[in-house]
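For reference, the structure discussed in these notes is given below.
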Amino acid sequence: MLTNNKNVLSWVDEMVALCKPDKVVWIDGSEEQLNALRDEAVSTGEMERLNEEKLPGCLLHRTLQNDVARVESRTFICSRKEEDAGPTNNWCDPKEMYAKLTPMYDGVMKGRTMYVIPYSMGPIGSPLAKVGVELTDSIYVVLNMDIMTRMGKQAFENLGDTSNDFVRGLHSKADINPDNRYIVQFPEDNTIWSINSAYGGNVLLGKKCFALRIASYQGKNEGWMAEHMLILGIENPQGEVKYITAAFPSACGKTNLAMLIPPEVYKKQGYKVWTVGDDIAWMKPGKDGRLYAINPENGFFGVAPGTNAKSNFNALESTKKNTIFTNVAHNLDDNTVWWEGLDKNPPENAIDWLGKPWNGKTSTEKGAHPNSRFTAPAINCPCISPEFNNPNGVPVSAMVFGGRRAKTAPLVYQSFDWNHGVFVGSTMASETTAAATGAVGVVRRDPMAMLPFCGYNMGDYFAHWLEMGKILGDKAPKIFNVNWFRTDDEGHFIWPGFGDNMRVLMWILDRCDGKVDAVETPIGYEPKPEDINIEGLDITVDTIKDLLNVDIDLWKEEAKGIEEFYAKFGDKLPKELANQLEALKKRLGC
Ligand code: GTP
Ligand code: SPV
Ligand code: MN
């Protein structure tokens, strides 16, 4: 036992009595203990050790074929009132849900060990950090939580002996039966129950379940924000750093943008980019009235396919040691890993993500699952921000929304003001990706990239955003929207993307500093095409003009789509947003 906190101890006792594990092991976070767990996972075949020279400390894991992504249809927000979960979440009465799940957990850990994982989301000692305890029967979970959070004894130091402010997470892989899979948040109880999955997003309970679903609910009650946002800093040649947060839906480019390498034109002037976070931001007004952001995580759970030395050098570097790879291809020639888009040289002698022999040169099947992932320590990242562990976080100058839109959304535009920015975020839409089970490539509304992650009524969430704008006043970050994914008639991406996205971020920062003019359009302020720096690119100002084009007919359709979406919220939709929609329609001439 690593704590005298009675609330922790009595809850662990209760869960032990329910799950009936053969053994209970408290995770102190020591290398000794973790090494023993690694050895055990390797000896049972749960994980494989990779090439100790090329990938020191790295492990490979495959999940079951039916268990490779988040499952939104089996994810629930169990608030006491249905209205508090709102129209975008699956809801069930908490009593009913506990009654349904309790028998499933009864004796589920017989013959297994229960690991008790204390962890901190946010730097230890940060006023913005929060404590969680996850109980699990999976070594894979323990080893991932070690990378993704500040895990071990130190986390309890933040809690003290009497506090009850910790999130109670209970996970069992049970028999990984998809028909009995549940990922359940009880926001009013600070509790998460997850069963019958062993895939990251469903089982690393500190991440989406706590740091977004539970934390968004806490943030509303406590006056802060938990968002599906990356955090990056851009340092100018004078050494000043400005911070930007950005919310894109799953697998839409957060990790890539967070770690971008500046194009030559900026690099030669001395600009640098620093990564604070790649997926989640917790933000609170600071003493000076500005909004400050911390990354509650300690590592990256990143999409592997498409990651290569050119697209995301820093992410690839981050995976070179002490990393866990999930559902990638295993190159048997040198005991390393491979995924689609890593290089043009797939291994011939390999095992695919399904565990079957695979020849990358001749096979028409994929070697890695499209949602295969790496779990890499943040400290491995060559551009990790010196502020990464700053307990007070970093001040946010701009917030960016974006998604995958083949046509409608232009490369970039700025909202007229905070409330209009909330409107822009609340009406975001994007094509679905492999990060969740279900159809890929279907456009759906995904407000603030939080559709699968908001732990309460989305209408109340919009109201909270509007409220934060009032509190921040003229110190509020400026709000923008971007789209890297516009396609031409052949379906090719027009904008080069990746590192070149910095060209757009530079316009954004210039706007924040009042250094550059803009053009007013019905949807917001746009750059003059010549104000996007294209030095060194083989595209012309005319291409930028095309990328910035606002097609009024498409936007009239868009306004209809927004109206339908907003109708879901009934009287929970803030008046201000209904007014914003009317104003947009008027500007479009609807
Ligand atoms: P989650 O971890 O699921 O939240 O995803 P994410 O938002 O961090 O997405 P990530 O950066 O991992 O990118 C997902 C996919 O989008 C990868 O296949 C990338 O190669 C691709 N991608 C990222 N940025 C760009 C871009 O600027 N342009 C294009 N065309 N593709 C991009
Ligand atoms: C996402 O889907 O947005 C992720 C991966 O970041 S997961 O942890 O599975 O949610
Ligand atoms: Mn994510």
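The first residue of the sequence shown is numbered 1, and numbering continues consecutively from there. These numbers come from a predicted model, not from an experiment. What you see below is based on every heavy atom in this structure, not just the backbone, and it leaves out hydrogens, waters and symmetry mates. Counting starts at 1 for both ligands and their atoms, in listed order.
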I'd like to check which ligand 1 atoms, numbered from 1 as shown, lie under 4.0 Å from a non-hydrogen atom of [X].
| X | answer |
| --- | --- |
| Phe485 | 29 (C), 30 (N), 31 (N), 32 (C) |
| Ala251 | 1 (P), 3 (O), 4 (O), 5 (O), 6 (P), 7 (O), 9 (O), 14 (C), 15 (C), 16 (O) |
| Phe493 | 30 (N) |
| His228 | 4 (O) |
| Asp279 | 4 (O) |
| Trp484 | 27 (O) |
| Pro249 | 7 (O) |

*Purely on distance, is any nitrogen or oxygen of Lys208 under 3.5 Å from one on ligand 2?*
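Checking ligand 2 against Lys208, an N or O pair does fall under 3.5 Å apart.
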_Test side chain to side chain contact (heavy atoms under 4.5 Å, CB included) applied to Lys173 and Asp137, Leu64, Thr136, the passing residue_ =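 Only match with Lys173 under side chain to side chain contact (heavy atoms under 4.5 Å, CB included): Asp137.
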*asked:* Taking Glu235 first and then Lys242, would you say they form a salt bridge - that is, a charged N and a carboxylate O separated by under 4.0 Å?
replied: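 Looking at Lys242 together with Glu235, the answer is no, because their closest N to O distance does not fall below 4.0 Å.
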*Look at the rings of Phe76 and Tyr182 and say which category their plane angle falls in: under 30° parallel, 30 to 60° tilted, over 60° perpendicular.*
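The arrangement is tilted - the two ring planes meet at 30° to 60°.
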*Hey, can you tell me if Phe401 and Trp465 have their rings parallel, tilted or perpendicular (30° and 60° cut-offs)?*
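Ring orientation, 0 to 90° scale: tilted.
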Find all atoms of ligand 2 within a distance of less than 4.0 Å from any non-hydrogen atom belonging to [X], and give their numbers and elements.
| X | value |
| --- | --- |
| Tyr199 | 9 (O) |
| Lys207 | 6 (O), 8 (O) |
| His228 | 3 (O) |
| Ala435 | 2 (O) |

*asked:* Give me the residue, atom name and distance of the protein heavy atom closest to atom 7 (S) of ligand 2.
replied: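 Checked against all protein heavy atoms, atom 7 (S) of ligand 2 sits closest to Gly201 CA, 3.6 Å.
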Considering [options] one by one, which has a heavy atom nearer to [atom] than any of the others?
| atom | options | result |
| --- | --- | --- |
| atom 17 (C) of ligand 1 | Gly201, Gly402, Ala246, Pro305 | Pro305 |
| atom 2 (O) of ligand 1 | Met259, Lys208, Arg373 | Arg373 |
| atom 3 (O) of ligand 2 | Ala449, Ala434, Ser250 | Ser250 |
| atom 11 (O) of ligand 1 | Asn256, Ile280, Val504, Asn501 | Asn256 |
| atom 6 (P) of ligand 1 | Lys254, Met229, Arg404, Glu340 | Lys254 |

What do you reckon, does [X] have a nitrogen or oxygen under 3.5 Å from a nitrogen or oxygen of ligand 1?
| X | result |
| --- | --- |
| Gly253 | yes |
| Pro496 | no |
| Phe498 | yes |

*Counting only heavy atoms, which portion of Ser250 has something under 4.0 Å from ligand 1: side chain, backbone, both, or neither?*
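The answer is both.
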Strictly under 4.0 Å, does any heavy atom of [X] approach an atom of ligand 1?
| X | value |
| --- | --- |
| Gly302 | no |
| Ala315 | no |
| Arg486 | no |
| Ser311 | no |

*asked:* Set out, in order, the CA-CA distance, both residues' side-chain angles and the distance that settles salt bridge (charged side-chain N to carboxylate O under 4.0 Å, His left out) for Arg503 and Glu264, then state yes or no.
replied: CA-CA 11 Å; Arg503 299 166 189 272; Glu264 201 46 45; over 6 Å; no
*Assert yes or no for the condition that the ring centre distance of Phe480 to Tyr413 is strictly below 6.0 Å.*
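Judged by ring-centre distance (under 6.0 Å), Phe480 and Tyr413 do not meet the cut-off.
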Just by distance, no angles: are the side chains of [X] and [Y] close enough, under 3.5 Å, to form a donor-acceptor pair?
| X | Y | answer |
| --- | --- | --- |
| Asn371 | Tyr199 | yes |
| Asn312 | Thr307 | no |
| Asn295 | Trp282 | no |
| Asn327 | Ser372 | no |
| Arg405 | Asn481 | no |

*Measure from NZ or CZ of Lys208 to the centre of the six-membered ring of Phe453, then state whether that distance is under 6.0 Å and the direction lies within 45° of the axis.*
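Yes, cation above the ring, under 6.0 Å and within 45°.
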*Cation over ring, Lys220 on Tyr456, under 6.0 Å and within 45°?*
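Lys220 over Tyr456 ring: yes.
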*What do the steps show when you test Glu48 against Arg62 for salt bridge (charged side-chain N to carboxylate O under 4.0 Å, His left out), and what is the final call?*
CA-CA 9 Å; Glu48 291 171 77; Arg62 277 186 290 273; 3.3 Å; yes
*Could you tell me whether Asp279 approaches ligand 2 through its side chain, its backbone, both or neither, with non-hydrogen atoms closer than 4.0 Å?*
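Asp279 to ligand 2: side-chain contact only, backbone stays beyond 4.0 Å.
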_Tell me whether ligand 2 is touched by Lys254 - counting only heavy atoms on the residue side and a distance under 4.0 Å._
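Per 4.0 Å heavy-atom rule, Lys254 does not contact ligand 2.
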*asked:* I'd like to know if the Mn ion (ligand 3) has an N/O/S atom from Lys208 within less than 2.8 Å of it, counting both backbone and side-chain atoms.
replied: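 True for Lys208.
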Gap between atom [atom2] of [Y] and atom [atom1] of [X] - 0.5 Å precision:
| X | Y | atom1 | atom2 | result |
| --- | --- | --- | --- | --- |
| Asp175 | Arg181 | CG | CZ | 10.0 Å |
| Tyr217 | Ser79 | OH | OG | 8.0 Å |
| Asn196 | His171 | CG | NE2 | 8.5 Å |

_I'd like the atom name of the N/O/S atom in Asp279 lying closest to the Mn ion (ligand 3)._
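Closest to the Mn ion (ligand 3) among those atoms: OD1.
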